[in-house]
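The block underneath contains the structure these notes are about, expressed in structure tokens.
Indexing begins at 1, ligand by ligand and atom by atom, following the structure's order. All values below come from the heavy atoms of this structure, side chains included, with hydrogens, waters and symmetry mates left out.
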Amino acid sequence: MRPPSHTLADHTTVRLGGPARDFIRADTEEDLIAAVRDADDAGEPVLILGGGSNLVVADAGFDGTVIQVATNGVSACGHPGLVTVAAGEDWDAAVAWTVAGGLAGLECLSGIPGLAGATPIQNVGAYGQEVSQTITSVRAYDRVTGKTGIIPNEACGFAYRTSVFKRDDERRHVVLAVTFTLAVQALSMPVAYAELAAALGVQIGDQVASTTARSAVLELRRRKGMVIDPGDPDTRSVGSFFVNPVLDAAGMAAVEAAARARCGEGTRVPRFDAGDGLFKVPAAWLIERAGFGQGYGLGDGARISSKHTLALVNPGSASTAGLIALARHIRDGVRDAFGVSLAPEPVLVGVTL
Ligand SMILES: Cc1cc2nc3c(=O)[nH]c(=O)nc-3n(C[C@H](O)[C@H](O)[C@H](O)COP(=O)(O)OP(=O)(O)OC[C@H]3O[C@@H](n4cnc5c(N)ncnc54)[C@H](O)[C@@H]3O)c2cc1C
């Protein structure tokens with residue numbers, strides 16, 4: 001087998017990132033833990049690498065050890081519907097396996113790139129489902145105690161696109177496996193997302209065959225460049241570059257006032273109820289209304305996807321510096337237009353926004 005490339009652009013979906021000083025591929029849990037422990041003992045900076053679909057790495061690369069998770073195994077044992085997926089399993093393959101096996105709860109998360117072990121990190125979600133709804137527990141290696149333990153859902157601190165794993169700057173936990181409790185049924189969970197309901201021709205709350213829901217989600221995602229396709233430059237991204245801002249009533253009123261002043265009196269800012277009196281506003285709407293349309297770029301390669309305003313892409317000639325400059329430009333433009341500061345969704349390594 002060829003040794004893995006040390007160039008991180010070869011391991012990230014946006015195809016950016018310079019060299020790693022050291023690169024280790026861990027095919028077993030024992031190898032993964034040993035690699036992390038050895039690097040920690042040596043005081044070496046560590047970057048855990050999954051599928052590289054939520055990573056923006058500096059052009060200078062990573063001055064430390066990159067440890068690529070390549071473990072595998074999906075098992076359904078014990079209680080019906082209980083499925084444990086090794087961190088290194090391809091996420092979409094795992095979803096396909098559950099849907100084909102008559103298990104519901106992950107069907108709307110079809111087509112999300114990356115590996116299973118990364119899904120709890122930012123509580124991946126799409127089309128009305130989040131992994132926090134079905135994760136029972138996460139098995140992880142704790143870099144502080146040097147022990148492996150089981151972290152129940154309640155202790156994972158899941159929220160919109162985040163968790164204790166993502167909030168912890170020291171990256172204390174290495175996820176080894178994730179256990180889900182899924183419904184044993186051929187029908188999907190009730191459809192909870194208006195765009196998906198419309199595509200399926202059903203009402204919110206209706207159920208369809210899980211296989212049908214999966215196909216519809218994949219089709220919607222493909223149209224937006226949200227399924228990796230090596231032939232489609234619009235899929236060379238990290239998915240959404242910004243998280244949708246969550247605003248309280250006062251913040252919402254301020255954005256509405258700015259939107260009316262900018263776009264006309266009749267303008268209504270779209271929003272989703274985020275509970276507790278909070279509203280989630282589509283970042284894509286703010287970006288477009290701030291003047292950054294699909295295909296927009298600063299002329300140095302990086303640009304907004306021509307299929308989805310929230311994805312910043314590297315069509316081939318971009319650098320990380322160029323991608324970050326574009327992201328800053330958009331963030332500042334949205335702040336000037338609406339007073340909202342967009343936060344990045346991906347993990348930034350060696351760069352800041
Ligand atoms: C086209 C496209 C569409 C996308 N659509 C969505 C979407 O709909 N919804 C969504 O939520 N996300 C989406 N994403 C983002 C991304 O796919 C997810 O966040 C995914 O879970 C990242 O997995 P990964 O294995 O690629 O992680 P990586 O990018 O390799 O790593 C991400 C972070 O997790 C850490 N990490 C990875 N594995 C482990 C582990 N085993 N233990 C500890 N830390 C670990 C890394 O160190 C890094 O900090 C999309 C990305 C792309 C490119």
Name the closest protein heavy atom to atom 41 (N) of ligand 1, giving the residue it belongs to and the distance to 0.1 Å. V175 O, 3.0 Å
Would you check the N or O atoms of G239, main chain and side chain alike, for any that come under 3.5 Å of an N or O of ligand 1? no
Under 4.0 Å, heavy-atom basis, I'd like to know which part of L115 is in contact with ligand 1: side chain, backbone, both or neither. both
Who pairs with R143 by side chain to side chain donor-acceptor pair (under 3.5 Å), at least two apart in sequence or on another chain? D40
Relative to the heavy atoms of M226, which atoms of ligand 1 are at a distance of less than 4.0 Å? 1 (C), 3 (C)
One thing to verify: whether E256 and R268 come together as a salt bridge, which I'm taking to mean a side-chain N less than 4.0 angstrom from a carboxylate O. no
Residue, atom name and distance, where the atom is the protein heavy atom closest to atom 31 (O) of ligand 1: L55 CG, 3.9 Å
Contact summary for L323 and V313, nearest pair of heavy atoms: CD1-O, 4.2 Å
Look at the rings of W285 and F338 and say which category their plane angle falls in: under 30° parallel, 30 to 60° tilted, over 60° perpendicular. tilted
For atom 9 (N) of ligand 1, find the nearest protein heavy atom and state the residue, atom name and distance (0.1 Å precision). G125 O, 2.8 Å
Please walk me through it: do R161 and E130 pass side-chain contact (heavy atoms from CB on, under 4.5 Å)? CA-CA 9 Å; R161 291 303 163 276; E130 288 183 334; 3.6 Å; yes
Any nitrogen or oxygen of V227 lying under 3.5 Å from a nitrogen or oxygen in ligand 1? Just yes or no. no
min-distance protein heavy atom vs atom 44 (N) of ligand 1 -> I121 CD1, 3.4 Å
What is the minimum heavy-atom distance between A283 and L342, and which atoms define it? CB-CD2, 4.0 Å
Contact partition for K166 relative to ligand 1, non-hydrogen atoms under 4.0 Å: neither
Heteroatom proximity flag, V174 to ligand 1, N/O under 3.5 Å: no
Using a strict cut-off of 4.0 Å, indicate which atoms of ligand 1 neighbour a heavy atom of V238. 15 (C), 50 (C), 51 (C), 52 (C), 53 (C)
Measuring from the heavy atoms of R221, does anything fall under 4.0 Å of ligand 1? yes
With heavy atoms under 4.0 Å as the rule, classify the contact between T13 and ligand 1 as side chain, backbone, both or neither. side chain
Under 3.5 Å, sequence neighbours excluded: what are the donor-acceptor pairs made by side chains of residues 45-63?
from : atom 1 : to   : atom 2 : distance (Å)
N54  : ND2    : Q122 : OE1    : 3.4
D59  : OD1    : T320 : N      : 2.8
D59  : OD1    : T320 : OG1    : 3.2
D59  : OD2    : T320 : N      : 3.4
D59  : OD2    : A321 : N      : 3.0
D63  : OD1    : R21  : NE     : 2.5
D63  : OD1    : R21  : NH2    : 3.4

Shortest protein contact, atom 33 (C) of ligand 1 (heavy atom only): V347 CG2, 3.9 Å
Where is the nearest protein heavy atom to atom 47 (O) of ligand 1: which residue, which atom, and how far? I48 O, 2.6 Å
Subset of ligand 1 atoms that lie under 4.0 Å from at least one heavy atom of R171: 49 (O)
Given the rule in the side-chain contact (heavy atoms from CB on, under 4.5 Å) test, do F242 and L310 qualify, once you have shown the distances and angles that lead to the verdict? CA-CA 7 Å; F242 297 104; L310 215 40; 4.2 Å; yes
One residue to check: S53. Relative to ligand 1, which of side chain, backbone, both or neither has a non-hydrogen atom less than 4.0 Å away? both
Under 3.5 Å, N or O to N or O, is N123 touching ligand 1 that way? no
Heavy atom of H11, distance to ligand 1 below 4.0 Å: no
So which protein heavy atom does atom 29 (O) of ligand 1 come closest to, and at what separation? N54 N, 2.7 Å
If I compare all heavy atoms of G81 with all of L103, which pair ends up nearest, and what's the gap? CA-CD2, 4.0 Å
Mark up the atoms of ligand 1 that fall under 4.0 Å of a heavy atom belonging to H173, in ascending order. 43 (C)
Output the distance between atom CD (E107) and atom OG1 (T98), rounded to the nearest 0.5 Å. 7.5 Å
Can you list the ligand 1 atoms lying under 4.0 Å from a non-hydrogen atom of G114? 23 (O), 24 (P), 25 (O), 26 (O)
Distance-minimising heavy-atom pair for R271 and F279: CG-CD2, 3.8 Å
Should D234 and R222 count as an ion pair when the cut-off is N to O under 4.0 Å? no
Could an N or O of ligand 1 be found under 3.5 Å from any N or O of G51, whether backbone or side chain? yes
Polar contacts were defined as any N/O atom of the residue lying under 3.5 Å from an N/O atom of the ligand; does this apply to G52 and ligand 1? yes
Under 4.0 Å, heavy atoms only, figure out whether ligand 1 is touched by the backbone of Q122, its side chain, both or neither. side chain
Counting from 1, what ligand 1 atoms have a heavy atom of V124 closer than 4.0 Å? 10 (C), 11 (O), 18 (C), 19 (O), 21 (O)
So which heavy atom in the protein is nearest atom 13 (C) of ligand 1, and how far is it from that ligand atom? I112 CG2, 3.8 Å
Atoms of ligand 1 less than 4.0 Å from A126 heavy atoms? 8 (O)
Begin from the C-alpha positions of T181 and T136 and carry the test side chain to side chain donor-acceptor pair (under 3.5 Å) through to its verdict. CA-CA 6 Å; T181 301; T136 303; 2.4 Å; yes
State whether the number of non-hydrogen atoms from other residues, nucleotides or ligands found under 6.0 Å of D41 atom CG is greater than 12. yes
Evaluate the ring planes of Y296 and H329, with Trp represented by its six-membered ring, and classify them as parallel (under 30°), tilted (30 to 60°) or perpendicular (over 60°). parallel
Begin from the C-alpha positions of R214 and V95 and carry the test side-chain contact (heavy atoms from CB on, under 4.5 Å) through to its verdict. CA-CA 9 Å; R214 173 173 162 79; V95 173; 3.9 Å; yes
Tell me whether L47 has any N or O atom under 3.5 angstrom from an N or O of ligand 1. no
Dump the intermediate steps for side-chain contact (heavy atoms from CB on, under 4.5 Å) on S110 and D92, then the final yes or no. CA-CA 6 Å; S110 295; D92 188 52; 4.0 Å; yes
